[in-house]
Amino acid sequence: MMRITSLGAKADLPQPRLEFALSIRADLGPAVEFTTAHGLTRAMFPITGGQIAGPDWRATILPGGADFATGLPDGSYAIEARYFAQTPDGITLSVLNAGRMWAQPDGSFDGRTRAEIQAPGGPLAWLTDAVLFGTAHAAADDDDHVWIELWRAVL
């Protein structure tokens with residue numbers, strides 16, 4: 001394994017550990033999809049609601065966001081979703097999930113995502129500084145949901 005000391009650094013950096021951060025169920029409306037004049041597939045999946053659950057906290061995804069996708073030549077999709085969520089006590093969160101989804105033999109899509117969550121000061125402020133990445137799944141028989149689990153990299 002090539003570490004930074006092989007490039008001249010005085011010491012290797014510590015390997016981050018992973019800590020579970022949260023789960024997401026995004027509820028989707030009917031997709032709008034078309035092929036551009038240049039042959040790219042573009043799609044927009046309206047986000048109509050959903051839930052976010054972390055250890056000791058929950059939030060409801062507000063309607064009005066969307067997941068934008070670009071079909072790539074290898075059959076995968078580059079994705080970027082933006083939406084807001086709100087906790088029962090009124091804390092509003094802004095969420096950006098971006099990554100790639102790949103078609104599976106059963107017609108489902110699995111992917112990897114990285115997320116940025118903006119939160120106000122207070123009990124969920126740690127989300128603003130967290131480095132989050134995770135997995136995503138869209139089942140073949142369920143056009144109405146995307147499932148995501150996010151993990152935080154911790155040094």
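Everything quoted here is computed from the prediction, not taken from an experiment.
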Taking the side chain as C-beta and beyond, is there a heavy-atom pair between Q51 and T60 under 4.5 Å? yes
Do W151 and L22 belong together in a cluster built from hydrophobic side chains that touch within less than 4.5 Å? no
Close side-chain approach of F109 and V146, heavy atoms under 4.5 Å: no
A53 and R58 have their tightest heavy-atom pair at CB-NH1, 3.5 Å
Give a yes-or-no answer on whether the side chains of Y83 and N97 include a donor-acceptor pair shorter than 3.5 Å. yes
Tell me whether L124 is reachable from I61 by hopping between hydrophobic residues (I, L, V, M, F, W, Y) whose side-chain heavy atoms are closer than 4.5 Å. yes
How far apart are the closest heavy atoms of G50 and D27, and which atoms are they? N-OD2, 3.3 Å
Within a strict 4.5 Å, meaning less than it, do heavy atoms of the E80 and L96 side chains meet? yes
Enclosure of R3 CZ (heavy-atom neighbours >12, cutoff 6.0 Å): yes
Report the C-alpha separation of T5 and K10 in whole Å, then their side-chain angles, then the decisive distance to 0.1 Å, and conclude whether the side-chain contact (heavy atoms from CB on, under 4.5 Å) test is met. CA-CA 6 Å; T5 51; K10 293 183 182 185; over 6 Å; no
Spell out, yes or no, whether F84 and I24 are grouped together once hydrophobic residues are joined by side-chain heavy atoms under 4.5 Å, including indirect joins. no
Within the 4.5 Å heavy-atom criterion, are I52 and T87 side-chain neighbours or not? no
To the closest 0.5 Å, what do you measure between CG (L127) and CD (E116)? 12.5 Å
Would you say V95 and L28 are hydrophobically clustered, going by side-chain heavy atoms of ILVMFWY under 4.5 Å? yes
Do W57 and I117 share a hydrophobic cluster (ILVMFWY, side-chain heavy atoms under 4.5 Å, transitive)? yes
What heavy-atom pair brings F133 and A153 nearest, and what distance separates the two atoms? CE2-CB, 4.3 Å
H145 NE2 to F45 CZ distance, which is reported to the nearest 0.5 Å: 14.0 Å
Looking only at heavy atoms, what is the nearest atom pair of D74 and S76, with distance? OD1-OG, 2.6 Å
To the nearest 0.5 Å, atom CD of E19 lies from atom CG of L150 at 13.0 Å
Side chains of T92 and Q86: is there a donor and an acceptor less than 3.5 Å apart? yes
Work out which heavy atom in I79 is nearest to a heavy atom in R100; give both atom names and the distance. CG1-N, 4.1 Å
Do you know which two heavy atoms are closest between P55 and A21, and how far apart they sit? CD-O, 3.2 Å
Could you grab the distance from atom CZ of R82 to atom CD1 of I47, nearest 0.5 Å is fine? 11.0 Å
Has T113 got a side-chain atom pairing as donor or acceptor with A98's backbone, closer than 3.5 angstrom? yes
Do the side chain of Q104 and the main chain of W102 share a donor and acceptor less than 3.5 angstrom apart? yes
Hey, could you give me the OG1/CZ distance between T35 and R42, rounded to the nearest 0.5 Å? 11.5 Å
State whether the number of non-hydrogen atoms from other residues, nucleotides or ligands found under 6.0 Å of D12 atom CG is greater than 12. yes
How long is the gap from CZ on R152 to CG on L132, to the nearest 0.5 Å? 8.0 Å
Using side-chain heavy atoms (C-beta onward) and a distance below 4.5 Å, is P16 in contact with L155? yes
Find out whether T128 and W126 are in side-chain contact, i.e. whether some heavy atom of one side chain is under 4.5 Å from a heavy atom of the other. no
